[in-house]
Amino acid sequence: MSKYSKLKSSPSAAVRANLDYPVIDTDVHTNDFTPALEDYIAHYGGVKLVDELRKAESSRLNSKTEGKDWYQQTPEERQYNRTLRSPWWARVTRNTLDLATYTLPALLYERQAEQGSDYSVLFPNNALAAAGASKENRQLLQRAINHYHADIYRKYSDRLTVVAGIPMTTPQEAIEELEFAVKTLGLKVANIPGGVKRPIKAIADKYPADQFPEIGKYASYIDFFGLDSEYDYDPFWAKAVELGVPITTHYGSQGWTGRSSISNYMNNHIGHFADGSQAFAKALFFGGVTRRFPQLRVGMLEGGADWGAHVYIHLVDRFSKRSLEGLQNYNPDLANPDELFELFEQYGGDITQGHSLSKEELTKSVLGSSFNRHSRSPVGSELEDFGAAGIQSIEDIRDRWVNSFFFGSESDDRTIAAAFNDKANPLGVKLNAIYSSDVGHWDVPDLTAPLAESWDLVREGVISEDDFKAYVFGNPYKFYTEANPDFFKGTAVESKLPKTESQIENKTLVGV
């Protein structure tokens, strides 16, 4: 045992010792040893590509105006420019052992037992740095970053696997990088941005970005790859299913309206992953992606699971009112002018005095702006928001929301109770909350704590023991193996699965 080992004192190791199933951590963040990473980058594209990485990192981490970041600006300049307060001190430093652990693959591998984990999926902090690079260098830089991470973690694959960062600006580049990552590098989990910022063409055509860069900075929208997308991303989703790759994202919303404080990072941070993931997931659902690709498995991390339950409940509630059948309650053509006129004659004397209206005029008057404000009524597919999703029943909503999506919940997140509340969730379901420790970021100052914090939720009655098993094992296992049945072949998880053959073959594991 290493002199640095905290195995004996680790509360998470103590929890793991009492479990008869493996623990799968779906979200561990690692730091890069910059000189080694930049050697890989230079091998792919020389000094120019290294500079591209540094520029991309800078644009991702800082909010700048006229070349000055938040700290270089005066309070008056921040107010004048509405300069977003960006994150700071985001990595563990005081705990020097953990700081080294997140940077050194061999040390992270050695400390898996201290973490209480049998298997961890790793998200390097630079995994998607290339997304901020220029169009000319984006794919090459992403390929180099993926290659570096694949190489340094390959020999630890029985307990660790690293994600492949996949740029999503166009479906074609996404497919090319996914195929390279899987077929050439041997990676098996994709990490994508949950949206891509695009210019509003009507404004960009009037004010070209090369002439009016500041206008282009604000005159944009976010494409979430599903509903209303500029591109058809179905070939990418099809390729992910074909290759057996689960899709993950840490998509945030800092900088969006309501998350754009110029002074307070926490104001911008709290709930931002949930909001960003919700926008992404709804775009896939309403755009029909989960209908067309029922085998696609998507994990949204760091946002918790309560928002997933919230949206699921409201999808069911709204479908009962806004399905094609339910919409007939609001169809203006079905208002009965004769009955309405009769009721107004009997009860409306006080307010209709001095107004003489025909039945048709009275009906239009009562319907008001909802009847008159549009040039015409919606027709055909315009009528139904649930049409592209193909929803005919609430069971369809369950199949295309609950079955397709997995919700990364951090170890101390008590809102996870909403995911497992089968009394509140329609059809008595429990959502797929998955254990996402977020080890490596500021909210985890000690990697030996998260699993024990999750077990505290059981001790305090927030979730049951069966829910805990589903959270740290059953649901993560389902997420990866429903995308790729061989995902855990040759890993520490495979050797620790329940031994009942029918349970393994049918995945009828307790908590799944």
Scan side-chain atoms only and decide if [X] and [Y] contain a donor-acceptor pair under the 3.5 Å cut-off.
| X | Y | result |
| --- | --- | --- |
| Ser437 | Ser411 | no |
| Glu384 | Ser323 | no |
| Asp466 | Ser464 | no |
| Asn268 | Ser261 | no |
| Glu395 | Ser393 | yes |
| Glu302 | Tyr251 | no |
| Glu410 | Ser436 | no |

[X] vs [Y] side-chain heavy atoms within contact, under 4.5 Å:
| X | Y | value |
| --- | --- | --- |
| Phe123 | Val121 | yes |
| Gln172 | Glu177 | no |
| Asn484 | Tyr480 | no |
| Lys206 | Ile203 | no |
| Lys188 | Val245 | no |
| Asn191 | Ile166 | no |

Under 3.5 Å, which donor-acceptor pairs link side chains of residues 342-357 to any protein atom two or more places apart or in another chain?
residue: Thr352; atom: OG1; partner: Gly348; partner atom: O; Å: 2.7

Rounded distance (nearest 0.5 Å) linking atom [atom1] of [X] with atom [atom2] of [Y]:
| X | Y | atom1 | atom2 | answer |
| --- | --- | --- | --- | --- |
| Phe341 | Asn336 | CZ | CG | 12.5 Å |
| Phe293 | Phe236 | CZ | CZ | 11.0 Å |
| Phe468 | Ile463 | CZ | CD1 | 7.0 Å |

So does Glu173 pair up with Lys135, basic N to acidic O under 4.0 Å? no

So, are Lys364 and Glu361 salt-bridged, with charged N and O less than 4.0 Å apart? no

Under 30°, 30 to 60°, or over 60°: which ring-plane class applies to [X] and [Y], parallel, tilted or perpendicular?
| X | Y | value |
| --- | --- | --- |
| Phe473 | Tyr477 | tilted |
| His29 | His441 | parallel |
| Trp237 | Tyr233 | tilted |
| Phe406 | Phe479 | tilted |
| His272 | His269 | tilted |

Quick check: Phe319 with Phe386 (ring centres under 6.0 Å apart)? yes

Heavy-atom donor-acceptor pair, [X] side chain to [Y] backbone, under 3.5 Å:
| X | Y | value |
| --- | --- | --- |
| Gln142 | Ala127 | yes |
| Tyr435 | Asn475 | no |
| Ser404 | Arg297 | no |
| Asn146 | Gly165 | yes |
| Asn425 | Val429 | yes |
| Thr248 | Gly299 | no |

Begin with the C-alpha distance, continue with both residues' side-chain angles, and end with the deciding distance and a verdict on salt bridge (Lys or Arg N to Asp or Glu O under 4.0 Å) for Arg322 and Asp385. CA-CA 8 Å; Arg322 303 296 296 185; Asp385 286 335; 5.5 Å; no

Please report the C-alpha distance between Asp456 and Arg459 in whole Å, then the side-chain angles of each, then the deciding distance to 0.1 Å, and finally whether the salt bridge (Lys or Arg N to Asp or Glu O under 4.0 Å) criterion is met. CA-CA 5 Å; Asp456 285 342; Arg459 291 193 306 102; 2.6 Å; yes

With Lys197, which residues qualify under salt bridge (Lys or Arg N to Asp or Glu O under 4.0 Å), at least two apart? none

Salt bridge (charged side-chain N to carboxylate O under 4.0 Å, His left out): pairs with one or both residues in residues 251-265, sequence neighbours excluded: Arg259-Asp275

Taking the six-membered ring of Trp442, is the NZ or CZ of Arg91 close enough (under 6.0 Å from the centre) and on axis enough (within 45°)? no

Matching residue for Gln295 among Val241, Thr290, Asn403 - test: side chain to side chain contact (heavy atoms under 4.5 Å, CB included): Val241

Going through the checks in order, is the ring pair (Phe, Tyr, Trp, His ring centres under 6.0 Å) test met by Trp88 and Tyr71? CA-CA 11 Å; Trp88 84 99; Tyr71 293 95; 7.3 Å; no

Would you sort out whether Arg414 and Glu460 count as a salt bridge (Lys or Arg N to Asp or Glu O under 4.0 Å), showing the intermediate values? CA-CA 10 Å; Arg414 301 172 67 85; Glu460 296 167 13; 2.4 Å; yes

Answer yes or no: does atom CD of Glu325 have more than 12 heavy-atom neighbours from other residues, nucleotides or ligands under 6.0 Å?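 Counting other residues, nucleotides and ligands, CD of Glu325 stays at 12 neighbours or fewer.
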
